[in-house]
Amino acid sequence: MIDLKLLQKDFDEVSTKLSRKNVDAKLLEELKTKNQELKEAKATYENLQAAQNSMSKEFGLYKQQGKDTSELKQKVDANKIKIAEAIEVQRIKEDELEKIAMAIPNIPDEDVPTGASEDDNLEIKKVLTPKEFAFTPKEHWELAEQNGWIDFERGVKLATSRFSVAFGMGAKLERALINFMLNFNSKRGFAEVSVPAIVNRAALEGTGQLPKFEEDLYKLQDQELFLIPTAEVPVTNLYQDEIIPKEALPIKMTAYTPCFRKEAGAAGRDTRGMIRQHQFHKVELVAITTPDESDKVFDEMVACASDLLNALELPHRLVMLCSGDLGFGAAKTVDIEVWLPGQNRYREISSVSNTRDFQARRAKIRFKENDKNLLVHTLNGSSLAVGRTLVAIMENFQNEDGSITIPKALEPYLN
RNA sequence: GGAUAGGUGGGUGAGUGGCCGAAACCACAUCCCUGCUAAGGAUGCGCAUGGGUAACUGUGCCGAGGGUUCAAAUCCCUCCCUAUCCA
């Protein structure tokens, strides 16, 4: 959630910044008005309640002293009616405010380039040079089927479209990649955690998936529980509603989880292959830091994911997302795109975001400094999406006969 | 699924209608004393939010939501969660 005090104080500034993310200024204006109205409604209620409280105290005294309370009772009863009205007004204002506020995205950082879509994203650098093939490289689905690694039909049989099954070396490689990534991240100071793949509404509100993106989530029937779309949700919310001692920061974690996405808006995109599945494996990085340190940790996370690709000898590039392509909760995002020779283009394999205090405000994650409770910064990034890494390995390490060489880094994990 | 006991501040835990945002202890912070692998003493110490330069002060919060009452941590109802026992 954005800082409403800041909005109230520096409306024009916040409005300008958010306009880069295509937020309508009218909506912000409305938010500001509602916020002001709520404040007034609260003051009204609180004054009435204060009167009620003091009258109640008086009432007790009267009783004790055996005085007549009938006159006081009348006053108190009349006040009660006003209080009920005031509460109702306040409640309505609160609901209205929350509805708008929870749907406002995070403010982008200064250094985020302005732009409308992914076409305006800024390439930061390319890492490793794609190798030249003496033949026309195949796309991964062809290689996956030819090697018997992935079976797309049987995935559909078991569930529905966008599900697949990994067999043999395909399955082994998935497992090897998960272990390899977790170990790599551990060595970089990210402590391993294993978390539930089902979370409640509060967790999803904390990290910003709800209330706005419910249609993208798998929800359990008859329960207010959801399958996680990313480990970012359970791992970040580990510290929900906590005040963390400053010495404990930064907290850096890594977790492997399956991820589940309905891909509601993605009809027709990447229908072939395993780029966009409803269920996929991902190793995630999450960090909770003081505001001072979040930029530093952000760079560490980007470097971690990039180095992981280096270790796997996969050419990739770093891209800074422009304002229009930035996710809901992110103030800044660097995507890492891996080279796919079969598709002859770079595709996203990791996305590292700094949400600043946006999630912290929603999830109430704070730290104590000089006796003051301040909001932490939260960051998250994939390192990496396992399925897409497998895709990248297949396409980059393919031989002319369709066989696939295993990257050296994974050999210890396959014996 | 059934039964029972519970859910209180960072932790343990007291508190059955007003003097309770809440004893005591632990932890923590500052200070004092002492002088060396640690003890003693004093003071402070929940969260959120509004007002105020500040001192201070209003409101809400004792699992969640309702209800009774002038007044609820305390009584009533519903739900959630935890522990133990039974199926």
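Chain A is the first sequence line, chain B the second, and so forth, proteins listed ahead of strands; every chain is numbered from 1. Below, each value reflects all heavy atoms present in this structure, side chains not excepted, and no hydrogens, waters or symmetry copies.
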Measure CD1/A:I87 against P/B:rG67 and give the value in whole Å, please. 9 Å
Starting at atom CD1 of A:I81, determine the distance to atom C1' of B:rC70, rounded to an integer number of angstrom. 13 Å
Heavy atoms under 4.0 Å, any strand shown: does A:Y45 hit a base, just sugar-phosphate, or nothing? sugar-phosphate
For A:R201 and B:rA64, give me the distance from atom CZ to atom C1', rounded to whole Å. 15 Å
Give one of base, sugar-phosphate or nothing for A:R361, where a contact means two heavy atoms less than 4.0 Å apart. nothing
Between B:rG60, B:rC70, B:rG50, which nucleotide has the shortest distance from any of its atoms to the side chain of A:Q49? B:rG60
Distance below 4.0 Å between A:N53 side-chain N/O and B:rU59 OP1 or OP2: yes
Please determine whether a side-chain nitrogen or oxygen atom of A:Q52 lies at a distance below 4.0 Å from atom OP1 or OP2 of B:rC70. no
Could you tell me how far apart A:R366 (CZ) and B:rG46 (P) are, to the nearest whole angstrom? 14 Å
Please determine whether a side-chain nitrogen or oxygen atom of A:K57 lies at a distance below 4.0 Å from atom OP1 or OP2 of B:rG18. no
Mate of B:rG40 across any strand shown (Watson-Crick or G-U wobble, both atom pairs under 3.5 Å) is B:rC32
Looking only at the side chain of A:K368 (C-beta and beyond, no hydrogens), which of the listed nucleotides B:rU59, B:rC47, B:rG50 gets closest? B:rC47
Just call it for A:N47: base, sugar-phosphate, or nothing, with non-hydrogen atoms closer than 4.0 Å on any strand. nothing
For A:D241 and for A:K63, find the nucleotide of RNA chain B with the closest heavy atom, then tell me which residue's nucleotide is more 5'. A:K63
In the strands shown, is B:rG10 matched to any nucleotide by a Watson-Crick or G-U wobble pair with both distances under 3.5 Å, and which? B:rC26
Taking only side-chain N and O atoms of A:K39, does any of them lie within less than 4.0 angstrom of OP1 or OP2 on B:rG51? yes
Rounded distance in Å - CD1 (A:I198) to P (B:rC81): 14 Å
Any sub-3.5 Å donor-acceptor pair from A:N237's side-chain atoms to A:A203's backbone N or O? yes
Using the closest heavy atom to pick a nucleotide of RNA chain B for each, name whichever of A:M55 or A:R91 lands nearer the 5' end. A:R91
Identify whether the distance between the nearest side-chain nitrogen and carboxylate oxygen of A:K17 and A:E13 falls below 4.0 Å. yes
CA sep, side-chain torsions, deciding dist, call: A:T207, A:R362, side-chain hydrogen bond (donor to acceptor under 3.5 Å, both in side chains): CA-CA 7 Å; A:T207 33; A:R362 291 175 160 234; over 6 Å; no
pair_partner(B:rA55), Watson-Crick or wobble, both distances < 3.5 Å, evaluates to none
Given that both distances must come in under 3.5 Å, which nucleotide forms a Watson-Crick or G-U wobble pair with B:rA83? B:rU4
Report yes if at least one side-chain N or O of A:K5 is closer than 4.0 Å to OP1 or OP2 of B:rG50; otherwise report no. yes
Whole-Å distance between B:rA27 C1' and A:E247 CD? 13 Å
Counting side-chain heavy atoms from CB outward, which of B:rG50, B:rG60, B:rC70 is closest to A:K80? B:rC70
Considering only atom P, compute the distance from B:rG7 to B:rA73 and round it to an integer number of Å. 15 Å
B:rG11 to B:rU4 separation - P atoms, rounded to the nearest Å: 29 Å
Ring centroid separation for A:H281 and A:Y256, is it under 6.0 angstrom? yes
Distance check needed: B:rG60 C1' versus A:I83 CD1, whole Å only. 13 Å
Within a reach of under 6.0 Å around NZ of A:K82, are more than 12 heavy atoms found that belong to other residues, nucleotides or ligands? no
For a quick check of understanding: with a heavy-atom distance under 4.0 Å over all strands, which category does A:L61 fall into, base, sugar-phosphate or nothing? nothing
Kindly say whether, by distance alone, the side chain of A:E46 makes a donor-acceptor pair under 3.5 Å with the base of B:rG58? yes
Using a 3.5 Å distance criterion without hydrogens, assess whether the side chain of A:T160 forms a donor-acceptor pair with backbone atoms of A:V156. no
Hey, does the side chain of A:D24 reach the backbone of A:K26 with a donor-acceptor pair shorter than 3.5 angstrom? yes
Among B:rU59, B:rA71, B:rU49, which is the nearest nucleotide to the side chain of A:A50? B:rU59
Nucleotide opposite B:rG46 in a Watson-Crick or G-U pair, distances under 3.5 Å: B:rC61
Would you measure the distance from the C1' atom in B:rA22 across to the matching atom in B:rU74 and give it in whole Å? 12 Å
Watson-Crick or G-U wobble mate for B:rC70, both contacts under 3.5 Å: B:rG18
Length of the CD-P vector between A:E94 and B:rG60, whole Å: 14 Å
OP1 or OP2 of B:rC47 sitting under 4.0 Å from any side-chain N/O of A:N373? yes
